[in-house]
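This report refers to the structure that appears directly beneath it.
What you see is a predicted model, and the numbers here were worked out from it, not measured in a lab. Here is the naming used below: chain letters follow the sequence lines, and residue numbers restart at 1 for every chain.
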There are 2 protein chains.
Amino acid sequence: MNSKKAVERQTGVALWRQIADLIRLAISNGEYDKTGMVPPEMMLAGQFGVNRHTVRSALAALAEEGLVQAIQGRGTMVRRKERLSFPISRRTRFSQGLSDQTRDLEARLLAHAVVPATGEIATGLGIPPGMPCIEVEALSSADGRPVSCSTSYFPQARFPGMAQHFAQLGSITKAFAAEGLADYVRVSTELVARHADANELSLLRLSPGAIVIEATAINADPDGVPVQFARTRFAADRVKLKIET
Amino acid sequence: MNSKKAVERQTGVALWRQIADLIRLAISNGEYDKTGMVPPEMMLAGQFGVNRHTVRSALAALAEEGLVQAIQGRGTMVRRKERLSFPISRRTRFSQGLSDQTRDLEARLLAHAVVPATGEIATGLGIPPGMPCIEVEALSSADGRPVSCSTSYFPQARFPGMAQHFAQLGSITKAFAAEGLADYVRVSTELVARHADANELSLLRLSPGAIVIEATAINADPDGVPVQFARTRFAADRVKLKIET
DNA sequence: TATGGTTGTCTATATTAATAGACATTTCGG
DNA sequence: CCGAAATGTCTATTAATATAGACAACCATA
């Protein structure tokens, strides 16, 4: 499996970036776990069929991300390797099931507003179009690195203080509890992968061309009444979604 | 929302590719549905803050994908905008649930071999490493456009004729039936999104920089014994995954 | 049929990405 | 303490990307 990996030219994506993506992938696949080091620059240059300087550009980008660290005379070592594994199931909770993978998990309220429910959101929440909803923008980070940003909608009539509770508690589950909803389940999830837009690039601190996985989900109370319409964008190279059926 | 959209320089991703990605996104979001036309090149150049020639490079790439078509004197029209919706559930079948979205659905055997089970595959199938498995490479297309390619592993001892059956029947479900397995269920699915590699680009007829969603799944018989380890790569801009819990 | 708006094509130039080579600096092991 | 192996830095050159401007070809329509 150590043969030459493919990079293509004249594709609008610089070679150093393609190589950085491949090395990032190799790191998260654990290919360098044995030594904890990235192979020497000359060896990588040989594998990818490019000049050593091109490899250096790729490694510099990864160092900038904090993924690797080069030490003169020794080599380049892997500092971090992870795709956080997100469980997606009937009882999906953001914070649960992640606590064993990372120490510091944080969800931050970015903005909130009251907006009328439009077509897709009204349908998802099962309410008439035009009904007021609380829109909540949030950013979730693990160990200081953003992993996802989300836009959620809650029916205002039922959960008037959702935004405030979430801002204080930093958790949707806890905010629901504060609103008197002890339990809820995931009823539908749709996934799409696409390139990140400008807003996502800056929020998630990604570089252009990066990928996001967009999950559109509906949560409902135990009686099956929808309580949340959420659109979460994950930084694709930081997560793995684990579907439990 | 029609103000200037963000493209960034010196990021390793050429401006024309960033712009192509943004236009592709706008098309799939239905932003040009009213007229069926992409805005004039000069207008796009203004929106993105780049030269007209740069926009032309982006549009040329999209025309190459068959997404738009330019007509001299008139403008550039949208030719295609769609994502197939794939159901993912405990009873995931490729062909089922898609027949209402597309007329012509096809799965083709690309290659097959007998290989020893390695770590991940052996673990997934619950067999000792080194046991022989049948490896099957397949390509699935809808209406002549490839949507996914997959690599599957079946324990040879139990399903010796899997490759032949699949080649003849064009369906995993039918091939299992021919091997005497009437029913099976999905026990785990993991999703990752990443840039397509060279092999995937050519198989799925994608343009460089395109995204694939990689689903690593295990199917088991009704007794819970794993029967298939599959890694399916979907062309991300052609599909939507619908998770049913 | 004249005109304005659009895509198509050409030339020229500047900036960025990639290759090539040389050599310095640091680390580690014999 | 020497030498092999690794990263760091510099110069020079070529290829790809981006900008700029001019004008041709074509379409719709007033």
Side-chain angles (χ1 to χ4, degrees), chain A residues 4-23 27 32 34-64 66-79 207-209, chain B residues 4-23 27 32 34-64 66-79 207-209:
Chain A
K4 64 187 78 124
K5 295 153 194 185
V7 286
E8 298 193 6
R9 288 149 201 269
Q10 294 176 331
T11 60
V13 181
L15 292 180
W16 63 265
R17 177 149 291 287
Q18 295 184 50
I19 291 169
D21 290 342
L22 287 170
I23 295 175
I27 289 174
Y32 307 141
K34 207 156 31 180
T35 60
M37 305 285 277
V38 173
E41 294 168 354
M42 286 299 270
M43 190 179 302
L44 289 171
Q47 281 177 19
F48 293 118
V50 301
N51 191 274
R52 175 177 162 235
H53 293 295
T54 308
V55 170
R56 282 180 62 75
S57 298
L59 290 174
L62 294 175
E64 184 76 18
L67 219 68
V68 302
Q69 179 176 12
I71 301 172
Q72 188 171 151
R74 290 195 54 192
T76 303
M77 61 180 186
V78 176
R79 292 195 53 176
S207 45
Chain B
K4 63 184 81 117
K5 295 152 192 185
V7 286
E8 297 190 12
R9 288 149 199 267
Q10 295 176 333
T11 60
V13 182
L15 292 180
W16 64 263
R17 178 147 290 285
Q18 295 184 49
I19 290 169
D21 291 340
L22 287 170
I23 295 175
I27 289 173
Y32 307 141
K34 204 155 35 180
T35 60
M37 305 285 278
V38 174
E41 294 168 353
M42 285 299 269
M43 188 178 305
L44 289 171
Q47 281 177 19
F48 293 118
V50 301
N51 190 274
R52 176 179 160 231
H53 294 293
T54 309
V55 170
R56 281 180 63 74
S57 299
L59 289 174
L62 294 176
E64 184 78 15
L67 218 68
V68 302
Q69 179 176 11
I71 301 172
Q72 187 171 151
R74 290 195 54 195
T76 303
M77 61 180 187
V78 176
R79 292 194 53 177
S207 51

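- Nucleic acid contact for B:S57: none, since no nucleic acid atom lies under 4.0 Å from a heavy atom of the residue.
- Residue B:R74 places at least one side-chain N or O closer than 4.0 Å to OP1 or OP2 of D:dA28.
- Summarising the geometry, the separation between CD on A:E41 and P on D:dA4 is reported as 20 Å, rounded to the nearest angstrom.
- Of the listed nucleotides (D:dT7, D:dA28, D:dT19), D:dT19 has the atom at the smallest distance from the side chain of B:L15.
- Regarding contacts with the backbone of D:dT17, every side-chain N or O of B:T54 stays at 4.0 angstrom or more from both OP1 and OP2.
- B:L59 contributes atom CG, which lies 12.5 Å from atom CD of B:Q69 (distance to the nearest 0.5 angstrom).
- Taking atom NE2 of B:H53 as the reference point, atom P of D:dA18 lies 13 Å away to the nearest angstrom.
- When the nearest nucleotides of DNA chain D are assigned to A:G12 and A:P40 by heavy-atom distance, the more 5′-ward of the two goes with A:P40.
- Using a 4.5 Å cut-off on side-chain heavy atoms (C-beta onward), A:V13 and B:R17 make contact.
- For B:R52, no side-chain nitrogen or oxygen approaches OP1 or OP2 of D:dA20 to under 4.0 Å.
- Between the CG atom of A:L44 and the P atom of D:dA5 there is a distance of 17 Å, given to the nearest Å.
- Chain A approaches DNA chain C over the interval C:dA17 to C:dC28, counting the first and last nucleotide 5' to 3' with an atom under 4.0 Å from its heavy atoms.
- In terms of position along DNA chain C, the nucleotide closest to B:L59 lies nearer the 5' end than the nucleotide closest to the other residue of the pair B:L59 and A:N51.
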